[in-house]
Amino acid sequence: MRNAKRARPHFRLDESLLTGLPPFSKLDSRQIREILDQASARRYDEGSAVFEEGRSAERFFMLLDGYIRVVRISPSGEQVIVMHIPGGQLFGIAKALGHTTYPATAVTAAESLALSWPTRLWDTFVAQYEGFSTETYKTVGTRLGEMNNRIMEMATQQVEQRIANAILRLVNQTGRKVEGGIEIDFPITRQDLSEMTGSTLHTVSRTLSGWEKHGLISSGRKRITVCDPHRLVLLSGATG
DNA sequence: ACATTAATTATGT
DNA sequence: ACATAATTAATGT
């Protein structure tokens, strides 16, 4: 039966969701409780936007499970994939960068689960939760370093090496062991790889086919597993 | 050393 | 059956 409208049922989020995650690892269970009671949880289908570039940063997020694809669109309409964020990390933390709007769009690369809080809570989180700010600045620093490396790659390396580096990054961050190698844990297309490397899906397809022929990787539709990481590193590294 | 264009085939609902 | 992904060859800068 269709019942009367009622307020969103208040699910008590389990404390184990946050305990152990770096930004919260130093907190006692009372503090975790506090934080969880102010959070809202939401599930996202694959490919749905969590927030969009330019929009006011109303909330910040903790990705509990799944993967976030950070995306920007050029004025001419081409998409660029800035990076991927795995579960267990904060994202949409515009406030940490001194922004009031989101600097990029966040799309789920797989079905995902995220907590979020109103951005007005950011300062109190920083002020009263030990380790929160230092840990978040660590992740900001890590991401900055990655983007830094990407800039170098873009400027100096050829497409094949950039693709190799992109895949290695994904494998390091999201790789899960399967028989015969390490698989990228979420669906990824040649188009995606091209948007990460400033290339085209055709070039990506050709290079991947070549690698597959030589046993470096194996791939199906939207799936890539690295069989020989070592040789891939050789390809990606100093001029071959 | 790569993009573009185009045609063809494979794969998932 | 249909849409989306991937491959492959030919041609262009």
Side-chain angles (χ1 to χ4, degrees), chain A residues 42-53 65-87 104-113 146-240:
Chain A
R42 177 132 133 59
R43 190 194 70 87
Y44 299 86
D45 284 321
E46 175 183 336
S48 53
V50 179
F51 55 77
E52 277 172 36
E53 175 179 357
D65 194 25
Y67 295 95
I68 293 295
R69 204 198 305 282
V70 180
V71 159
R72 300 203 58 195
I73 314 277
S74 80
S76 48
E78 2 180 24
Q79 217 187 232
V80 173
I81 297 178
V82 178
M83 62 170 149
H84 288 87
I85 298 175
T105 295
V107 176
T108 56
E111 185 183 7
S112 298
L113 176 64
E146 275 181 27
M147 294 191 280
N148 216 337
N149 288 335
R150 264 169 34 81
I151 292 178
M152 278 301 282
E153 292 169 20
M154 292 288 195
T156 64
Q157 299 188 324
Q158 342 215 93
V159 173
E160 187 179 35
Q161 312 184 282
R162 302 206 299 265
I163 298 172
N165 276 303
I167 290 181
L168 286 172
R169 258 194 299 274
L170 290 177
V171 159
N172 286 332
Q173 291 165 5
T174 85
R176 66 145 214 267
K177 279 137 212 162
V178 296
E179 69 280 15
I182 311 171
E183 185 178 67
I184 295 173
D185 197 31
F186 56 84
I188 185 160
T189 65
R190 323 283 154 170
Q191 173 79 34
D192 293 330
L193 259 322
S194 75
E195 288 172 3
M196 303 171 59
T197 57
S199 177
T200 66
L201 74 149
H202 311 273
T203 300
V204 172
S205 180
R206 272 191 297 271
T207 48
L208 292 199
S209 295
W211 290 350
E212 180 144 30
K213 204 165 291 180
H214 294 82
L216 252 162
I217 67 166
S218 83
S219 73
R221 153 181 279 235
K222 290 193 180 186
R223 316 221 113 258
I224 300 174
T225 81
V226 175
C227 310
D228 194 341
H230 182 64
R231 277 207 286 164
L232 204 60
V233 170
L234 291 185
L235 263 182
S236 76
T239 50

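What you see is a predicted model; the values in this text were computed from it and never measured. First the proteins, then the strands, lettered A, B, ... as listed; each starts at 1. Just the heavy atoms: all of them, side chains too, but no hydrogens, waters or symmetry mates, feed the values below.
- A:Thr105 is not listed as a side-chain neighbour of A:Val70, based on a closest heavy-atom distance of 4.5 Å or more.
- Donor-acceptor pairing under 3.5 Å, judged by distance alone, is present between the side chain of A:His202 and the base of C:dT8.
- A straight line from CG of A:Leu201 to P of B:dT9 spans 18 Å, rounded to a whole angstrom.
- Counting to the nearest Å, the P atom of B:dT11 and the CD1 atom of A:Ile224 are 16 Å from each other.
- The nearest whole Å value for the distance from the CD1 atom in A:Ile188 to the C1' atom in C:dA6 is 14 Å.
- For A:Thr189, no side-chain nitrogen or oxygen approaches OP1 or OP2 of C:dA5 to under 4.0 Å.
- One atom, CZ of A:Arg206, and another, P of B:dT4, lie 11 Å apart when rounded to the nearest Å.
- If you take CZ of A:Arg223 and P of B:dG12, they are 11 Å apart, rounded to a whole angstrom.
- The nucleotide whose nearest atom lies closest to any side-chain atom of A:Gln158 is, among C:dA6, B:dC2, B:dT4, B:dC2.
- The closest side-chain donor-acceptor pair between A:Arg162 and A:Thr207, if any, does not fall under 3.5 angstrom.
- By the 4.0 Å N-to-carboxylate-O rule, A:Arg169 lies close enough to A:Glu153 to be salt-bridged with it.
- One can place CZ of A:Arg190 at 18 Å from C1' of B:dA3, the figure rounded to the nearest angstrom.
- At the heavy-atom level, A:Ser205 lies under 4.0 Å from base atoms of the strands shown.
- At whole-Å resolution of the value, CD1 in A:Ile163 and C1' in B:dC2 are 11 Å apart.
- A:Thr189 is listed as a side-chain neighbour of A:Lys222, based on a closest heavy-atom distance under 4.5 Å.
- Applying the 4.0 Å criterion to OP1 and OP2 of B:dC2, one finds that A:Ser199 has every side-chain N and O outside that range.
- Looking at heavy-atom distances under 4.0 Å, A:Thr200 makes contact with a base.
- When atom types are taken as modelled, the side chain of A:Glu212 and the backbone of A:Ser219 share a donor-acceptor pair closer than 3.5 angstrom.
- The interatomic distance linking A:Leu193 (CG) with C:dA5 (C1') rounds to 13 Å, in whole Å.
- A:Arg221 comes within 4.0 angstrom of a nucleotide base, judged by non-hydrogen atoms across all strands.
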